[in-house]
2 protein chains.
Amino acid sequence: MSTLKTQYHHGDLTKSLLDSAAIIIKEQGVESLSMRKLADTVGVSRTAPYHHFKDKNALLCALAEQGFHEQERILNSLKSEKQQATETFKKYVHAYLEYALQYSETYDLMYGRTLWKAGNPSDSLKTASKQTFKAWIDWVEELQEKNILPNNNTPLRIGQTTWASLHGLARLFIDGIYLDKEDLSDMVEQMIKNLCSTST
Amino acid sequence: MSTLKTQYHHGDLTKSLLDSAAIIIKEQGVESLSMRKLADTVGVSRTAPYHHFKDKNALLCALAEQGFHEQERILNSLKSEKQQATETFKKYVHAYLEYALQYSETYDLMYGRTLWKAGNPSDSLKTASKQTFKAWIDWVEELQEKNILPNNNTPLRIGQTTWASLHGLARLFIDGIYLDKEDLSDMVEQMIKNLCSTST
DNA sequence: CTTCTATCTTGACAATGTCAAAATGAAAAC
DNA sequence: GTTTTCATTTTGACATTGTCAAGATAGAAG
């Protein structure tokens with residue numbers, strides 16, 4: 001009954017695995033996450049994780065999925081603040097980049113080739129990502145109506161290109177191409193100018 | 001003397017390795033390039049490649065470096081065409097995306113985490129990338145003078161954000177986030193509108 | 001022909017992902 | 001309370017990979 005470890009049945013191995021994995025990738029990068037070391041960290045034998053996740057890919061999908069939920073939480077939280085929509089958008093852009101850099105490894109799983117190209121995105125991951133994308137496009141439409149984002153194309157297209165721009169900036173930092181994080185907020189500000197209809 | 005294979009000394013193993021590796025990554029992705037299979041493909045023992053490249057990282061760096069040279073060639077070729085600078089810029093954007101998609105695996109090595117974050121970019125790779133970046137920034141300056149790109153910031157900043165946008169678009173396709181390549185040219189057109197000062 | 005040296009090979013090891021079969025223990029059925 | 005069942009975990013095993021160390025080979029230089 002005690003919540004102490006070293007018992008045969010672990011309690012909630014699924015959760016433990018996810019939590020430990022999240023920490024490991026945040027601190028040491030996805031490439032140094034091995035199923036075996038993870039099992040060891042959690043205090044369980046090599047193959048125990050395979051009874052909770054089909055394979056490594058499935059574990060990573062679950063991590064990515066958590067990221068999508070977190071990101072949606074961020075957007076909703078910002079939208080609930082009562083303020084000028086322009087202000088909300090600017091804050092969102094900053095928040096997006098901040099999230100991407102702070103949880104860069106999770107971000108990489110969410111939007112990187114590991115799962116989407118080299119790997120095999122799970123159905124529920126696909127669902128989560130589609131949902132997040134849809135929420136974004138809907139918001140873009142609102143922003144277009146308020147003349148904050150350009151009206152020279154459909155919400156889908158504007159949403160795609162706008163997001164692509166943010167994503168590109170995020171990736172350059174995440175992947176180690178841009179290293180000087182001093183420049184980040186400057187670049188974000190410029191990006192906002194590029195994206196908004198009202199060039200200042 | 002004959003250029004036929006199956007001789008102890010291979011002839012130009014360095015080049016053969018690079019060529020085969022380029023084909024393999026293009027056809028099957030970087031993650032399915034193994035040193036051993038590569039050696040086998042080229043018809044040489046497992047460890048022979050290690051006398052030509054310090055390790056796998058070094059081989060990949062060499063591939064990425066070729067990519068930078070190729071990309072610079074593309075830019076120079078476009079700039080040498082006598083035409084409106086606006087036209088040249090538009091063509092460049094299209095060409096950039098085309099290159100990124102056609103040689104997506106090389107592109108990933110050039111600008112992805114494999115080498116820059118998880119790996120260890122060689123000095124000559126760093127040099128090549130810096131050179132390419134500098135050529136880009138110089139051109140951005142010209143484009144600003146001609147009022148094609150916005151003048152509300154330095155060439156460096158505008159170059160960074162503009163490139164980030166292109167890169168982001170490229171990555172979303174490359175990494176399998178955007179799948180519908182029908183939409184590509186549409187999105188590129190919209191991206192150009194976002195980036196240029198003269199919104200149409 | 002001998003020696004040198006660049007090039008290539010064989011042997012070996014550790015790390016990894018993951019399958020199959022056996023062991024364990026808690027809960028359900030009796 | 002005993003037995004049965006089933007989810008959970010373990011041990012054993014295997015193939016793939018990157019890479020090191022030591023030896024083999026052959027063409028060039030003397």
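In what follows, every chain begins at residue 1, and chains take the letters A, B, ... in the order their sequences are listed. Values below: every heavy atom of this structure, side chains too, minus hydrogens, waters and symmetry copies. What you see is a predicted model; the values in this text were computed from it and never measured.
At the heavy-atom level, A:L33 lies under 4.0 Å from the strands shown only through sugar-phosphate atoms. At the heavy-atom level, A:S45 lies under 4.0 Å from base atoms of the strands shown.
Aromatic pair B:Y103/B:Y107: ring centres not closer than 6.0 Å.
Here the CG atom belonging to B:L59 is positioned 4.0 Å from the CE atom belonging to B:M35, to the nearest 0.5 angstrom.
Residues forming a side-chain contact (heavy atoms from CB on, under 4.5 Å) with B:K126 (at least two apart in sequence, or on another chain): B:W116, B:P121, B:D123. For the side-chain contact (heavy atoms from CB on, under 4.5 Å) test, residues two or more places apart in sequence or in another chain that qualify with B:D19 are B:K15. In this view, A:E70 and A:R73 satisfy the salt bridge (Lys or Arg N to Asp or Glu O under 4.0 Å) rule, not counting sequence neighbours.
Contacts of residues 115-125 of chain B with DNA chain D (heavy atom under 4.0 Å): none. Near-neighbour residues of DNA chain D inside residues 47-56 of chain A, defined by a heavy atom below 4.0 Å, number-ordered: A:T47, A:A48, A:H51, A:H52.
Under the 30°/60° scheme for interplanar angles, the aromatic rings of A:F68 and A:Y111 are found to stand perpendicular.
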Exercise. Before giving the answer on ring pair (Phe, Tyr, Trp, His ring centres under 6.0 Å), spell out for B:W136 and B:Y92 the whole-Å C-alpha distance, their side-chain angles and the decisive distance to 0.1 Å.
Key: CA-CA 11 Å; B:W136 164 248; B:Y92 177 73; 5.6 Å; yes

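Taking atom CG of B:D40 as the reference point, atom P of D:dT16 lies 12 Å away to the nearest angstrom. Atom CZ of B:R46 is separated from atom P of C:dC8 by 15 Å (rounded to the nearest Å). Counting to the nearest Å, the C1' atom of C:dT16 and the CE atom of B:M35 are 18 Å from each other. One interatomic measurement links the two molecules: CG of B:L38 to C1' of C:dC8, which rounds to 15 Å at whole-angstrom precision.
The minimum heavy-atom distance linking B:K26 with B:Q102 is given by the pair NZ-O, 2.8 Å.
Remark: A:K37 is in phosphate contact with C:dT16, judged by side-chain N or O atoms under 4.0 Å from OP1 or OP2.
Distance from the side chain of A:L13 is smallest for D:dT9 among the nucleotides D:dG12, D:dT9, D:dT17.
For B:R36 and D:dT19, a side-chain-to-base donor-acceptor distance below 3.5 Å is present, hydrogens and geometry of angles not being considered.
Screening residues 168-187 of chain B for ring-ring contact (aromatic ring centres under 6.0 Å, His included) gives A:W163-B:Y178, B:F173-B:Y178 as the qualifying pairs, with residues at least two apart or on separate chains.
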